[in-house]
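Note sheet for the following structure.
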Amino acid sequence: MNYWLFKNEPEDFSIDDLAKAKKQTTHWDGVRNYQARNFMRDDMKVGDQGFFYHSNCEVPAVMGIVEIVREAYPDHTAFDANDPHFDPKSDPENPRWMMVDVKLVRKLERPIPLKEIKEYMDQLEGFHLVARGNRLSVMPVQPKHWKLILSLE
DNA sequence: GCCAACGTTGGC
DNA sequence: GCCAACGTTGGC
């Protein structure tokens with residue numbers, strides 16, 4: 001089983017939006033980065049768990065845990081000219097972008113702020129979230145990093 | 001295939 | 001709102 005981190009702007013879709021969603025499940029659409037797509041398409045399996053992270057907001061933080069409930073399938077928002085993530089170069093016959101379905105496992109007892117996570121930089125080598133210039137919205141998390149963050153809860 | 005220009009991300 | 005870092009685009 002693998003661990004992941006899903007980054008999202010809470011103003012767009014927050015962990016509370018997920019908590020209120022039908023079956024507390026959503027499709028993770030809108031990923032338009034090849035590396036992030038490849039992680040979803042090639043490596044994510046049903047049963048994998050991921051952190052739900054709030055980015056670009058007042059307190060960037062890990063907010064909760066989600067589980068993969070459906071493996072990669074075409075991201076239909078890429079075909080919709082009215083969707084902000086529309087990509088005219090994604091052909092429905094050969095979709096360029098993929099998404100997975102994730103379900104809320106639980107919210108953390110408290111958000112774990114990025115600032116706090118960064119206090120453990122000496123133990124976080126290889127963790128994309130804290131790497132310089134990181135821009136991945138979907139990334140793998142090593143088990144030791146997963147455990148470290150949960151230990152801060 | 002190079003690389004400058006551009007748009008986006010995201011912490012602060 | 002600023003700006004550094006990054007990925008993508010497109011002219012050559």
Side-chain angles (χ1 to χ4, degrees), chain A residues 2-21 26-44 48-66 68 71-102 104-142 144-153:
Chain A
N2 291 314
Y3 295 109
W4 306 95
L5 182 144
F6 295 87
K7 196 190 281 184
N8 213 42
E9 301 187 13
E11 284 194 24
D12 181 33
F13 189 85
S14 72
I15 193 154
D16 288 323
D17 292 326
L18 179 61
K20 282 181 271 181
T26 189
H27 32 242
W28 203 263
D29 61 38
V31 172
R32 296 293 179 268
N33 170 284
Y34 289 104
Q35 201 180 350
R37 179 208 61 186
N38 293 349
F39 286 137
M40 291 199 294
R41 186 190 62 190
D42 303 334
D43 300 324
M44 269 186 203
D48 283 359
Q49 294 199 331
F51 285 134
F52 193 119
Y53 176 83
H54 281 180
S55 70
N56 207 8
C57 55
E58 197 170 339
V59 183
V62 173
M63 303 300 293
I65 297 174
V66 297
I68 311 300
E71 284 164 24
Y73 60 106
D75 181 346
H76 57 79
T77 64
F79 311 137
D80 179 359
N82 295 317
D83 191 280
H85 301 293
F86 175 58
D87 180 359
K89 283 175 282 192
S90 186
D91 174 3
E93 296 298 314
N94 184 21
R96 175 178 297 202
W97 304 114
M98 310 290 277
M99 59 188 181
V100 298
D101 287 357
V102 302
L104 182 65
V105 173
R106 65 180 181 90
K107 287 173 72 173
L108 297 188
E109 289 166 27
R110 67 179 187 99
I112 312 295
L114 178 63
K115 191 179 169 195
E116 221 171 298
I117 293 168
K118 283 186 166 174
E119 291 173 13
Y120 302 87
M121 282 304 279
D122 56 334
Q123 299 174 54
L124 291 173
E125 193 179 352
F127 186 30
H128 295 277
L129 187 68
V130 297
R132 180 167 162 276
N134 146 69
R135 292 177 64 183
L136 278 174
S137 61
V138 173
M139 65 184 74
V141 178
Q142 295 174 32
K144 62 181 177 183
H145 298 153
W146 179 272
K147 284 179 201 149
L148 171 63
I149 289 166
L150 281 184
S151 76
L152 304 178
E153 186 175 2

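Chain naming here is simple, since letters A, B, ... match the order of the sequence lines and numbering starts at 1 in each. Predicted model only: the values in this text are computed from it and were never measured.
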Name each donor-acceptor pair under 3.5 Å that joins a side chain in residues 109-119 of chain A to protein atoms two or more places apart or in another chain, with its distance.
unit_1, atom_1, unit_2, atom_2, d
A/R110, NE, A/L152, O, 3.4
A/R110, NH1, A/E116, OE1, 3.3
A/R110, NH2, A/E116, OE2, 2.6
A/R110, NH2, A/L152, O, 2.6

Hits for side chain to side chain contact (heavy atoms under 4.5 Å, CB included) against A/D101, two or more places apart or cross-chain, chain-then-number order -> A/T25, A/H27, A/V69, A/R70, A/Y73
Show me the pairs that pass side-chain hydrogen bond (donor to acceptor under 3.5 Å, both in side chains) and involve residues 48-60 of chain A, at least two apart or across chains.
A/W4-A/D48, A/E9-A/N56
Contacts of A/R96 and A/R132 projected onto DNA chain C by closest heavy atom; the upstream (5') one is A/R132
Along nucleotides 6-12 of chain B, 5' to 3', which nucleotides get a B, which get an S, and which get a -, given that the test is a protein heavy-atom distance under 4.0 Å?
-BBSBBS
Distance-only check: which donor-acceptor pairs under 3.5 Å involve side-chain atoms of residues 74-91 of chain A, not counting sequence neighbours?
unit_1, atom_1, unit_2, atom_2, d
A/D75, OD1, A/T77, N, 2.9
A/D75, OD1, A/T77, OG1, 2.5
A/D75, OD2, A/G30, N, 2.8
A/D75, OD2, A/R32, NH1, 2.9
A/D75, OD2, A/R32, NH2, 3.4
A/D75, OD2, A/T77, OG1, 3.4
A/T77, OG1, A/R32, NH2, 3.0
A/D80, OD1, A/N82, N, 2.8
A/D83, OD1, A/H85, N, 2.7
A/D87, OD1, A/K89, N, 2.9
A/D87, OD2, A/W97, NE1, 2.7
A/S90, OG, A/R96, N, 3.0
A/D91, OD1, A/E93, N, 2.8

What residues form a ring-ring contact (aromatic ring centres under 6.0 Å, His included) with A/Y3, not counting sequence neighbours?
A/W146
